[in-house]
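The next block holds one structure in the form of structure tokens; read it before the comments.
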Amino acid sequence: MRTVTYAIGDIHGRLDLLEDLLGKVESDAGTRSARAKIVFTGDYVDRGADSRGVIERLIEGPKRSQDEFVCLRGNHDDLFVRAVTSGQGLPDWAWILYWHTVVSYGLDRESARTSDPTLGRHAEFLAALPLTHDDGTYLFVHAGIRPGVALELQAEQDLLWIRHEFLDHDGLLPRRVVHGHTIIGDLPVVTANRVSIDTGAFQSGILTAAVIDGPDVSFLQAVGEPDRSAVVREFALRAIVHGRVVSSTARQAQSDYLEGRIDLAELQQLSDE
């Protein structure tokens, strides 16, 4: 049986979209009479409502016996591991995200400071994940790679965090890179050297999978509602990171967005973004 590769971008706690998309992947692979190798490019936790459920689903593995999960580690997963294990070296914004994430475990700030077996098990799972998956034609990674550096010499910091040095590079790379990390809108972006699949599931309600079948690249998407609470938390977090005072206009816009009176574009326009 031949293999078709499906690459799924940043999930960020959206178990609902993940389950929907996995169902579409299974159906698509069945139609192609193929086994599915499903590569997840990382960032399973933070922002959305059910980080715990997402990790449990990944640990569970594929429902069809012939299929395979390949889970990679993202920068938010890396921060989660550090928060659970050592608590050292995390920026304040990462702690803000983490304290929301542990709510999906039925914990609060105080109880999360104690040794929780599920948190520990999930941190161990994430810590053991590789940073890349190389099939000889495509390189799957969370953020990208640094142009001009051999694959075997790529720094972990770049694989997890790089943005513009990679995204702005239009020259040849050692592999065509399939990645997430940077939200590129509601639709994936395909160039000669990369395939970008982070469609901002938490804020758009759209989770994307690239379907790689030989030389052909197509896409599947699970489409739901945005997590409005997560979006508002993200806007508040950006203000903290950039040292901005949130104006009364921005606060009203966030309230209006939560109530569904304005959309994301209007929120961005009114929130000093």
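Within the 4.5 Å cutoff, the side chain of F202 has no heavy atoms near those of the D10 side chain. For the pair L237/R233, no side-chain contact is recorded, criterion being any heavy-atom separation below 4.5 Å from C-beta on. When side chains are defined from C-beta on, R194 counts as touching L167, because their heavy atoms get closer than 4.5 Å. Considering only heavy atoms from C-beta on, D135 comes within 4.5 Å of F140 through its side chain.
Between the side chains of H169 and N193, no donor-acceptor pair of N or O atoms lies under 3.5 Å. When only modelled atom types and interatomic distance are considered, S111 and D108 share a side-chain donor-acceptor pair under 3.5 Å.
With sequence neighbours excluded, the residues that form a side chain to side chain contact (heavy atoms under 4.5 Å, CB included) with D78 are R73, R82, E156, L160.
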Show me, pair by pair, the donor-acceptor contacts under 3.5 angstrom made by side chains of residues 215-226, not counting sequence neighbours?
from : atom 1 : to   : atom 2 : distance (Å)
Q221 : NE2    : D186 : O      : 2.9
Q221 : NE2    : T208 : OG1    : 2.8

Criterion side chain to side chain contact (heavy atoms under 4.5 Å, CB included) on T5 and Y138, from CA distance to verdict: CA-CA 10 Å; T5 300; Y138 291 89; over 6 Å; no

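Hydrophobic cluster membership of I184, counting Ile, Leu, Val, Met, Phe, Trp and Tyr whose side-chain heavy atoms lie under 4.5 Å apart directly or via other members: V189.
A cation-pi contact links R228 to Y257, judged by a cut-off of 6.0 Å to the six-membered ring centre and 45° from its axis.
Between H179 and S196, the shortest heavy-atom contact is NE2-OG, 2.6 Å.
When D92, I96, V246 are each tested for a side chain to side chain contact (heavy atoms under 4.5 Å, CB included) with I240, only one passes: I96.
Ring pair H181/H142 is perpendicular by interplanar angle, where above 60° counts as perpendicular and below 30° as parallel. Relative orientation of the W99 and W95 rings is parallel, given thresholds of 30° and 60° on the angle between their planes.
Atom CD of E68 has more than 12 neighbouring heavy atoms from other residues, nucleotides or ligands inside a 6.0 Å radius.
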